[in-house]
Amino acid sequence: MLQLNTIKNDPERVIQLLKIKNFEAEALVADIIELDRRRRETQKIMDDGLAEANKLAKEIGFLFKNGRGDEATALKERSAELKKETQALGNTLDETRKELDEKLVLLPNLPHPGVPAGNSEEDNELVESRDIEIALEQTALPHWELAEKYDIIDFELGSKVTGAGFPFYKGKGARLQRALINFFLEEGIKAGYAEIQPPLFVNEDSAYGTGQLPDKDGQMYHIGEDNFYTIPTAEVPVTNIYRDVILDLADLPVKNVAYSSCFRREAGSYGKDVRGLNRLHQFDKVEIVQISHPDNSYSVLEEMRSYVASLLEKLELPYRILKLCGGDISFTSALTYDFEVYSAAQKRWLEVSSVSNFEAFQSNRMKLRFRDENGKTRLAHTLNGSALALPRIVAALLENKQTDDGIVIPEAIRPFTGFDLIN
RNA sequence: GGAGAGGUGGCCGAGCGGUCUAAGGCGCACGCCUGGAAAGCGUGUAUGCGUCGAAAGCGCAUCAUGGGUUCGAAUCCCAUUCUCUCCGCCA
């Protein structure tokens, strides 16, 4: 959620910047400014009324104590009148606030000046590419066939027991999953991240805090009886740790790494993009989250970017990094790097990580603040990224590392798998 | 799941209809004292919104959350939620 002051101070700038995101903000911005004016106007009148009522109540108490009850009775009438007035104003105020909030929530985050203009993924800017030569024979199999061949992932069994998109991992497949999770966590710890193991369900407040609600309501599984939401990413519970928190300057930057299962309904997705491991309802992911001083958030973003790149290098995978254009960047992000890994058999790039700086957009909604050099409270900046999500990494490993003898496990994760070949 | 007790400032803890502008303590900051420190003494010590060019000041709200009673609520009533104790169930 954008800060009201950002909008009020320079509405024209907000409107222009949001055009990069292909968002027409003019009407909304005007509404917001007007609603804010009404809100302040109403509050002023109400506060004055309450101030008078408070004063009256004190006088009445004083009069009663001194046996001047008849004088007090007269004042009571005025007091009752004030109460009625302020209550009505209070209701108006609540409504105005709610309306204002509903509008504010509709404005996307402002893009960083470095975000390229554009409408679709075609316009994303290639910033780095590391193509490892892969000499695959024409007979290269896609990962879903390899999974079946070596009996390591069973999609049909998942469909029987739960439904499509909930596969079983078996034998070396299960062990590979566990190894990757451990590898990613250990790398994160080495890079200075503190490990967190979060709950997999969150309450409504948390789902609002990171912006999943009201935006992506239908994308989360909902446990009606207890009003919990299953997490679509560890970002949700981990970032919400800091909801309504004021950090000390010395606490920054906060660096957390968390493994969790992730659950996504992916309503509306179908076709070849969802084949095999490409899109699942339940998957595993290691997520990194940082909370930084506003002055440092872009150097933190670069640090996170090179960290994720280092993981892909250790996994010996061909990858490229894209800076998302205005049309492709998410609602909440100011600047996002997408990491894509080449899938040899599918002959296309698969998104495996997304590293973003949200600046103060999330922290404003969550009231995540820190005390600056002068003891003033300010909103912190939040950043996160996948490091990494398993399914597509597994898909890429299977496809790129296939040989006549089997799937070759990259050196870096052999200490975790305990084997170097899937055959 | 049942019964009971509770949730007060950064922390501990008193208050149980008006004097709460929340006692007292701890912590923290600054000052005095000291050769330096400790102790001691003094001062200060939340968040949000509004008023405002900015600050100071002032107003309003906040004693788990949301309602209610009352001229007046930390204090009384109702609901929700969390914590603790006991019982039951249980990986």
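Following rounding to the nearest Å, A:N91 (CG) and B:G67 (P) show an atom-to-atom distance of 10 Å. Rounded to whole Å, the distance from CZ on A:R78 to P on B:G72 is 14 Å. Taking atom CG of A:D36 as the reference point, atom C1' of B:G50 lies 11 Å away to the nearest angstrom. Spacing between atom CG of A:L4 and atom C1' of B:C49 amounts to 11 Å, rounded to whole angstrom units. Distance, A:Q3 CD to B:C49 P: 10 Å, rounded to whole Å. Atom pair A:I45:CD1 and B:G59:P shows a separation of 19 Å (rounding to whole Å applied). Whole-Å rounding puts the A:E52 CD to B:C71 P distance at 17 Å. Atom CG in A:N364 sits roughly 12 Å away from atom P in B:G48 (whole-Å rounding).
Between A:F228 and A:F201, the two ring planes are tilted [angle within 30° to 60°]. Aromatic ring pairs are classed by plane angle as parallel below 30°, tilted from 30° to 60° and perpendicular above 60°; the pair A:F263 and A:Y221 is perpendicular.
Using atom P as the reference point in both B:G59 and B:A64, the two lie 24 Å apart (nearest Å). The same atom, C1', is picked in B:C84 and in B:G9; the two are 22 Å apart, to the nearest Å. Comparing B:G31 with B:A37, their P atoms are spaced 11 Å from each other, to the whole Å. Rounded to whole Å, the separation between the C1' atoms of B:U62 and B:A3 comes to 33 Å. Distance noted for atom C1' between B:A23 and B:C12: 14 Å (whole Å). Using C1' as the reference atom, B:U65 and B:U81 are 7 Å apart when rounded to the nearest Å. For the P atoms, the distance from B:G10 to B:C82 is 23 Å, rounded to whole Å. Here the separation of B:U69 from B:G17, taken at their C1' atoms, is 12 Å to the nearest Å.
A close approach under 4.0 Å does occur between a side-chain nitrogen or oxygen of A:N54 and OP1 or OP2 of B:C60. Between A:T377 and B:G48 there is a side-chain polar atom (N or O) within less than 4.0 angstrom of OP1 or OP2. Neither OP1 nor OP2 of B:U47 sits under 4.0 Å from any side-chain N or O of A:R369. Of the side-chain N and O atoms in A:R371, none sit less than 4.0 angstrom from OP1 or OP2 of B:A29. Between A:R39 and the phosphate of B:G50, there is a side-chain N or O to OP1/OP2 separation shorter than 4.0 Å.
A side-chain hydrogen bond (donor to acceptor under 3.5 Å, both in side chains) with A:Y193 holds for exactly one of A:E287, A:E187, A:Q290; it is A:Q290. If you run salt bridge (charged side-chain N to carboxylate O under 4.0 Å, His left out) between A:E41 and each of A:K44, A:R38, A:R37, only A:R37 comes through.
Contacts between residues 79-87 of chain A and RNA chain B, counted as heavy-atom distances below 4.0 Å, involve A:S79, A:K83.
The shortest non-hydrogen separation linking A:P294 to A:L379 is CG-O, 3.6 Å. In this structure, A:S353 and A:V308 approach most closely via the heavy-atom pair OG-CG1, 3.9 Å. The heavy-atom pair separating A:F358 from A:S333 by the smallest distance is CD2-CA, 3.8 Å. Shortest non-hydrogen contact noted between A:R305 and A:I321 is NE-CD1, 3.9 Å. Residues A:K367 and A:N364 share a closest heavy-atom pair of NZ-O, 2.6 Å. Contact record, A:Q402 with A:E399: NE2-O, 2.8 Å, taken as the closest heavy-atom pair.
The residue A:D48 sits apart from the nucleic acid: no heavy atom pair falls under 4.0 Å.
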Could you list the protein-to-nucleotides 78-83 of chain B atom pairs, N/O on both sides, closer than 3.5 Å?
none

N/O-N/O pairs, protein side and nucleotides 51-58 of chain B side, under 3.5 Å:
from  : atom 1 : to    : atom 2 : distance (Å)
B:U51 : OP1    : A:R40 : NH1    : 3.3

Using atom names, set out every protein N or O paired with an N or O of nucleotides 17-21 of chain B below 3.5 Å, distance rounded to 0.1 Å.
from  : atom 1 : to    : atom 2 : distance (Å)
B:G18 : N2     : A:A57 : O      : 2.7

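Side-chain N/O atoms of A:T210 and A:Q362 include no donor and acceptor closer than 3.5 Å. Side-chain polar atoms of A:N109 and A:T332 form no donor-acceptor pair below 3.5 angstrom.
Put simply, the side chain of A:K285 never gets that close to the backbone of A:P391: no donor and acceptor are under 3.5 Å apart.
Taking a pair as Watson-Crick or G-U wobble with both distances under 3.5 Å, RNA chain B forms stems of 3 or more consecutive pairs at B:1-7 with B:81-87, B:10-12 with B:24-26, B:27-32 with B:40-45, B:46-51 with B:57-62, B:64-68 with B:76-80.
For the pair A:K172 and A:Y150, the cation does not sit on the ring face, since its NZ or CZ is not both under 6.0 Å from the ring centre and inside 45° of the axis.
Separation of the A:Y298 and A:H112 ring centroids falls under the 6.0 Å cut-off.
Listed nucleotides: B:C71, B:G59, B:U47. Nearest to the side chain of A:I246: B:U47.
No more than 12 heavy atoms of other residues, nucleotides or ligands shown are found within 6.0 angstrom of CD on A:E156. The environment of A:K160 atom NZ is sparse: at most 12 non-hydrogen atoms of other residues, nucleotides or ligands sit within 6.0 angstrom.
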Extract all donor-acceptor atom pairs below 3.5 Å that involve side chains of residues 242-249 of chain A and protein atoms in other chains or at least two apart in sequence.
from   : atom 1 : to     : atom 2 : distance (Å)
A:Y242 : OH     : A:N256 : OD1    : 2.6
A:R243 : NE     : A:N240 : OD1    : 2.8
A:R243 : NH2    : A:S206 : OG     : 2.9

